[in-house]
Each structure stands twice: as structure tokens, then as C-alpha cells.
Amino acid sequence: MEKEQSKKKFELKESPSRSSFYNFIARFALPFQRFKDSFLDASLYRKITQILNLFLAGIGSILIGEVEIGLGLFAAYGALGFLFVYVINQLATGFITLSVGDAIVVLVIVGFGFLAVWYASFKKHTKDNLFKNRGEPLNGSFIASFFIKLAKSIAGFIRDYNKLDKESDAKHKIFLRVSWFVMGLPLFFMNRILNGFVMLGLQLLYIFYMIYRGASDLVGLFTLHQDGVFSNATLVTGIISVIITIAFIALYIINIRTVYKAVDEENRSISGPGFKNEVKSLANDKFYISGLIVPVLGALVFTIIPLTFMILVAFTNYSGKSGTGGVIPNPIADTYLGWTGFDTFKRLFADPQNLRDMLTVFSWTMIWAILATFTCYFGGLLLAMLLNKKSIKGKVVYRSLLVISMALPQFVSLLVMKTLFADNGAVNTMLYKWGIIQWMQQVGWISDLDAFVKFWSTPALAKTLIIIINMWVGVPYYMLLLSGLLINIPGSYYEAARIEGASKWKQFSKITFPYILHMTTPALITSFVSNINNFNVIWFLTGNADGVADDTDILITWLYKITMKGVNDYNLGAAIGIVMFIISASVSLIVYQRSSSYKDEEAFR
Amino acid sequence: MENVKSKKVKSRSNQTANARWDMIWSNALVIIVTLLWLVPVIWVVLRAFGKYDGQGYVSQTFFPTEYSMKNFVDLFTYKSLRSNPLPDFVQWLLNTFIIAIVNTILTTFFTILTAYVLSRFRFGGRKLMMNIALILGMFPGFMAMIAVYLILNMLNMINSIWSLLIYYVAGAGLGFFTAKGYFDTIGKELDEAAMLDGASKAKIFFKIFLPLAKPIIIYTALLAFMAPWSDYILAGLVLSGNNQTVAVGLYNWMDVSNVNQFFGMFCAAAVIVAIPTVTLYISLQKFFISGISAGAVKG
């Protein structure tokens, strides 16, 4: 190590004495410095993968066995690269027209994403090669290792099972056989009545369900056609039947294992717990079963099934918009849905109107999410610091008054804000009274025909207002969160800084801000993601039922418009929903992977 | 006392001048900011207590020219249909209150229970469940509303406030992250000691964790109580006619075609609706802070 460092004097090195910007650059440049080592010491095969990886990010990782990460990176790299070229091409040929600002934002975000993916892939592959050069093994493919592990454990179980079968007496041999066909029945004879009863009952229920409707529901999922039934309902019942079947298969495996365990224990002359103890253990070491059953069922029925429905709808022709070839199911008119594969996604990307709408809406969504998060964060920080000053008396009063804007139900406060800035609303009336409107007419900012500022119908003005009003709603939240944190910063830091003669600004930028930022990075990211999905602020301020993407619409309100209001373009909405999911999921995934609280759950114990 | 202080300070008069200046401007700034924050609120309250002129939200003056309680009287007597058993707003308020209170109890219970189980038990599939919950949170929720509507329809619950309640409570388990983070910080010694005394896990939850988790319970309960007041999408989809929640009912009042008739009543309604929520927030501020810090701040 020593030698290496002395050899390369130009090498950037992180150090606490340097500025954080310098350290950031140093960290960023690290893979580039390491690349030479990782390349020169590698075998010929890995040299080729490294060169390939420079052009096709992710391919190199796939070739050296990091399959999933490589595939993910390659997919992201390809998709973003394609999108970048596609958008430029569409713009250049005049297929779609975007405003300059929107075009720049879209291209910058997509281009930045593209470069970021390339960098991530480069970094990972360089690191992997360094590991390999040192002879250390890599993680390898997760999925492959998962299946290998699974296969091993199944083989092990079968071996044990056969062994147990040989060792058992005739009675227990029959028990083991019976459990293959009748779930839980043998448990009745081994002092596990409750367990047996639940298993047997569920099997009977499943058989009854499959005969009664499950089988036809399952078929309905593929045909989407059950005479006299709305196709969308067929889709839901089909999903339900699939989920019930999966649950049944899982239960069947648990049944085999439970009977195996019971027989094994009987062979070692340990008797079953008995009904009373079984019930008791539900409140003790099996408490997780009784505790989670309601939440899990609830999530299954009202979150997982609906979301699966939404994803599937994107692949059907479920749409009420004319000219899309879509269908609104109605058995009386003999119309049923059908599967259409990726047609909806084609419609989203190849139709100039849809593509243009999506790109403009996407650009504003990103700007909105970034601005909304940062204005509220810094507004809250400033306010919290102001309120933390010793010289301010009656802090509790101020804080309570400021909290009002957060405590009001959003539809009340936002609708009020909407009316305040309406064309003939209070603000315009005041401006007129004070002569500002007349002055603006003279200057020529507003036409003589209007006696008001069109706050909501001038896009730039409306967007600015939305950000400001969002601050009104969101700043108190951060104020509360951050003022709690500010108090926790050890006072000794500031004392030391004061002795050193650090200015107020230095104290803020070197102590307060890094501390606060470090503590709240996860909160910032979650708030960024939730701002991407911030329906209320946009909808209550500028929502309308015209079914068209307006300038102030973000993805989620646009989605709401084209599905619930105006045109019932469900499959396009679902496709947009999937695109949105990919955006927020990739942001969140990066963050949760890095958040130490997720990694070290046990750290506090 | 005063004298001594001032003498001491005199020697560093420059600094005191600075400090006084600092005090003046920071106090002034706080007052200005707070006023700015309150202007819209005050405006609504004034409109509620002012005499409504039927001109929608057009108001010529900040302060109303004449004060009256008529808006409130109207609010509590107006029936859109003669046959309605209760005045519209009373019906909405009642619906929302029932949903909010039952939701508070059930959602809080299930959220805390899920958090406790996921924090304290280790069982197969636990990590998987947590990851699924995380992923589910990233979907734009209301995209699934069509399917939720269809399911509620199958359960024959359309146009009943219980359908909203079922939906809210069903989602309770997925909101465990904040509370789980809080429980993870509670040392395991506590459970172990209780277990040595022969307490069952269920007993530990009810007798030890619930009392300990007071701040996080209050935080969860506060959010659960607030949810029905702001939910517009599902309530607007599932409920119809006069059987509404305040959010949907009042939103419709503010529709362009209705606003002239209802604006005065809307302001009065806003004041009424704000009373419980603002009271709760202000009085439970302390718990709210500890809740958001536990949820948002992970080092």
C-alpha cells in the first residue's frame, strides 16, 4: 500500500483537513485512479470485460458473474440511452414540440441518469476486478445462489424425509403418506389438534372454493371473458384466485414439514403440545401469527390485489378514450376486455401527443419535487434557527401559531388559497384598490381588458404560487422536526468554534448544517419521493376535469385526470403509473440501501 | 439588580448594542413571519363571521363590513333535499367524525402491533414482508382505486362509510416503519426480564410496550385521525349523494357553479372543521415532534 501511494503522487486523497468539496471530488475520482491497477493485473478475459464495460455498462459485470446487478445496470443504461436519443430524434424531426425549458430539463435528467448509471457500473466493475486481482471471491449471482441454496435444502429435506420414513413404524409411515393428500389430518392423532384442524379446514375450504368458482376465475384471468360478468371484475377475481392458489401451495409445503416434524418428535418420544398449549402459544412464541394475520390480510386484499390489477390493466385494452381501440367492459352490450401486450406502452411513447404530455409533465414533476423539498427544508431550517434564538420570547406561542397551517385539513387551507388568488379573489381586489393593477396595465404587464392578474392561468405564475403555497403548508413541519434536532447539537462544538474565532456563518456552514443534513438525509429523500406523489397541493390548487395535461399538472394529477375525470383512459393511466413507480422506486432503493438504519437493524441493541 | 447589570454591560456597550439590535430584528422577523402565516387563516375566520353578500369569494375589504352569525346558522340548517334526515353539513361532519374516531383506534392498534411483531420476532419471511411493504409504498396508491372500488362492490359496501374505514384499517399494517424504528431503539433487556417473570409475548406487548410507546402511539393516532379529513379521492369515488365526508362535500361547494351560493357557509364550515384538528395538533405538538423525529431521522 505504502509503495503504491508514493508511486502515484498525483493521487487525490480524502482528508478531514480538506474542504468537503475536495473530498467529494476525491471520492468521485477514486474509481478512475483505481482503473489502471484493476486493468493491468487482470486476466485477459477480465481485461476484455473491462473494455466492454466501458461502452456497454453492465455487460462486464454480467460476464464476471454479477448477473443481476449487471443486468439491472445494463437495462437502465440501455433504457436511458435509448430515451435520450429517442427524445432528441423526435425533437429534431419535429415529431413533438417541447418548450426549450422542458426539453432541457428532460434531457438533463435523462442524460444525467445515463451518466450516473455508467459511472455506477464503472465503479462496481473496477472494484470487482480489484477484488478478483487480490483473489477474493465476489458475491456472484443472487438468484443463482438462491436457487442453489433452495435446491440444496430441498434435497436435504427429501433425504431426511426418506430417512425418517425408514425409521418410523407402520402407523407413522401411514401418517406421512396421508399428509401428502389430506393436509393436517395426521396431526389430530399426534396431539396437535388445533394445527391439524386449521390445515384440514383450509384444504377443504380451498377445494370447495375451487369447485364453486376458483377454477372458472382462474380461466377468466386468461380469457377476460365470463358471460354476464364485467371484465374488470373478472380480472380482480382472477387475481384473487391466483393469490389463493399460491397461498395454498405455501400451506401445503408447511403441512408436509409440520407432519414431518411431528413424526420426528414422536419417534424421539416427544409428545405434541396438546390443544390447550397450542392455543396458549398463539399468545406467546407464535404471537407473530396472531398479530400479523389481520394486517397481512388487509394489505393483501386492499393493496396487493388492487396494485396487481393496476399493473395488469396496462396490458389490456381497458380504455374509454375514443380512437384508442379501447373498451369499457359491459356484458349487456357484449363488450369484454382483451390482453394487448405492450400496445399501451407503445401508445405512450409513439403517440406524439402522449409523449409530449409525458415529457412536459415529467419535467415539471421533477422541478416541483426538487423545489418543493428544498424550499420547505431550508425555510424550516431558517425558521427553526430563528425560533431557537435565546432573545426570542414566547417560543411556544409562535410555534403553536405556525403549526396551524399544518393542522388545518389540506382541502380547507388549499381551497382557501385557491380562492384568495382567483381572478376576482381577495388578492386581486386588494391590488386593484391599491392601484397596482392599474399601474401594471400602464406598464403593459397585463392587458387593458383584464382588471386582474391571472394567477392560475399564467403557467409560470401558477407554478411559482404553487411552490410558495406549498411552503406555507410544509415549512412548519420541517420547523418542528429541525428545531428538535438543533437543540440536540452539543453546545461544546459552538464553544470550541467561538474560541477559535469562527464567524456565525462559519459556525453554521461547518457545524449546524452538516450535522442537520447528516441526520435528515433519509427524511429529505422520502419527502422528495412523496412530493413526486403530492396529489393534494396540485389538485386542490389547480385541478380541473378537462382530462388534458395542463402546465401545472404533475404525473399523479395527470394520471388522476385521464382515469377518474374526463376520459377514462385506464390502461394509459396504468402505464404511466408503472413509469412513476420505476422512478420513485429507483430513487428510494438507492437511499434505503445506503441508510444504515435499514442495514443495521440491531445496531441499537 | 438592574443597576449592577447595566454597569457591567456598559464596559462592553458595543456588544450590547449589537445584541439589542439582534434581539429587535429577530423578534420583528418572527412576528412578521407568523403574521404572514396567519393572514389566510384570519381571512377565512373573518369571512365566516362576516355577513355574506352572495358574491362568492370576492371581498372588497379585509375586514367584513358587518358581522353576523348567519353563516353558521345556515350551515347547521341547510338541507339540499327536504327528505334528508340531517342538514348536509351535520351529516358530513358526523360521517367524518365516526370514520376518524374508529380509524384512530383500529389503525393505531394494528400499526403498533405490526411494528412490535416485526421488531421483536424473527421468523421466516420477515425480511421479505418488510421489503414488500417498502415496495408497495412506492406505487402511486390511488391508481389502484378502480380495483378497490370493485372489491368493495363485491363486498356490497359501496356508499357506506364503513367501506372507507375498512380500506383505511386494511392499510394500517403497511405504515409500521416509524413505530418499528422507535421500538428497535428500546432495549431487549426489558423483554427478557419480563419473560423471566413468566409473561407471555402478548402480555409483554399489552402491558409493557403499549405504555412505553406513548409518544409513537399518539403520533400514529394523530395521523390516523387526520387522514379522513383530507382524503378526497376514495371518499369521492365510493360515497355518493348526501352521504359524504367533509372533504368531498366542501370541495363540491367550492365548485365554480356552487361557490356563490355556498362560500359563506364554506368559511363557517372551515372554522368548525379546523377546531378539532388544530386543537389536537397544538396540544399534542410534543408527541408529534417525537414521532416525526423517530420516523424521519435515522443516522
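Proteins get letters first, then strands, A, B, ... in listed order; numbering begins at 1 in each. The shown structure was predicted, so the numbers you read here are calculated from the model rather than taken from an experiment.
- When heavy atoms are compared at a cutoff of 4.5 Å, M479(A) does not approach chain B at all.
- Closest non-hydrogen pair, P40(B) versus M417(A), comes out as CG-CE, 3.4 Å.
- Of the two parts of A270(B), the backbone and the side chain both hold a non-hydrogen atom closer than 4.5 Å to a non-hydrogen atom of chain A.
- For chain A, the nearby part of W25(B) is the side chain; its heavy atoms alone come within less than 4.5 Å.
- Relative orientation of the F535(A) and Y232(B) rings is parallel, given thresholds of 30° and 60° on the angle between their planes.
- Of the atoms belonging to F121(B), it is side-chain heavy atoms, and not backbone ones, that fall under 4.5 Å from chain A.
- Using bins of under 30°, 30° to 60° and over 60° for the plane-to-plane angle, the ring pair F540(A)/Y251(B) lands in the tilted bin.
- For F263(B), the part lying under 4.5 angstrom from a heavy atom of chain A is the side chain only.
- Taking each heavy atom of V236(A) and M154(B) in turn, the nearest pair found is CG1-CE, 3.7 Å.
- Only the side chain of I311(A) comes within contact range of chain B, judged by heavy atoms closer than 4.5 Å.
- The candidate from I24(B), L29(B), T277(B) with the greatest count of non-hydrogen atom pairs under 4.5 Å with chain A is T277(B).
- With a 4.5 angstrom heavy-atom cutoff, V313(A) does not touch chain B via any of its atoms.
- Per-residue counts of heavy-atom pairs under 4.5 Å with chain A were compared for S26(B), A269(B), A274(B); the largest is that of S26(B).
- Minimum interatomic distance between S230(B) and P409(A) (heavy atoms only, all atoms of both residues): OG-CA, 3.9 Å.
- Proximity to chain B is limited to the side chain of N536(A), based on heavy atoms less than 4.5 angstrom apart.
- Using a 4.5 Å cut-off between heavy atoms, I289(B) contacts chain A through its side chain alone, with no backbone atom that close.
- Contacts of D285(A) with chain B are made by backbone atoms alone, with heavy-atom separations under 4.5 Å and no side-chain atom involved.
- There is no contact between I576(A) and chain B, counting heavy-atom distances below 4.5 Å.
- Across all their heavy atoms, W472(A) and L36(B) have their closest contact at NE1-O, 4.2 Å.
- In terms of heavy-atom pairs under 4.5 angstrom with chain A, the leader among T279(B), D22(B), V273(B), V169(B) is D22(B).
- Contact annotation for M129(B): only side-chain heavy atoms (C-beta onward) come within less than 4.5 Å of a heavy atom of chain A.
- For I112(B), no part sits under 4.5 Å from any heavy atom of chain A, backbone or side chain.
- Heavy atoms of M226(B) lying under 4.5 Å from chain A belong exclusively to its side chain.
- The shortest non-hydrogen separation linking L401(A) to L38(B) is O-CD2, 3.8 Å.
- Annotation: maximal heavy-atom pairing with chain A below 4.5 Å, among V41(B), L150(B), I282(B), occurs at L150(B).
- Residue contact with chain B, scored on non-hydrogen atoms closer than 4.5 Å, involves the backbone and the side chain of L480(A) alike.
- Counting heavy-atom pairs under 4.5 Å between each of V278(B), V30(B), T34(B) and chain A puts V30(B) at the top.
- The two residues I151(B) and V301(A) make their nearest non-hydrogen contact at CD1-O, 3.4 Å.
- Only the side chain of F266(B) comes within contact range of chain A, with heavy atoms under 4.5 Å apart.
- Residue contact with chain B, scored on non-hydrogen atoms closer than 4.5 Å, involves the side chain of T429(A) exclusively.
- Contact of F309(A) with chain B is made through the side chain alone, with heavy-atom distances under 4.5 Å.
- Each of T111(B), L280(B), L250(B), I132(B) has some count of heavy-atom pairs under 4.5 Å with chain A, and the biggest count is that of L250(B).
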* To do: List the steps and the verdict of side chain to side chain contact (heavy atoms under 4.5 Å, CB included) for V294(A) and F109(B).
  => CA-CA 11 Å; V294(A) 176; F109(B) 176 73; over 6 Å; no
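- Contact count against chain B (heavy-atom pairs under 4.5 Å) is highest for L420(A) among L282(A), L420(A), I404(A), N533(A).
- For chain B, no part of Y478(A) is nearby; none of its heavy atoms comes within less than 4.5 Å.
- Atom CH2 in W253(B) sits 13.0 Å away from atom CG in L415(A) (nearest 0.5 Å).
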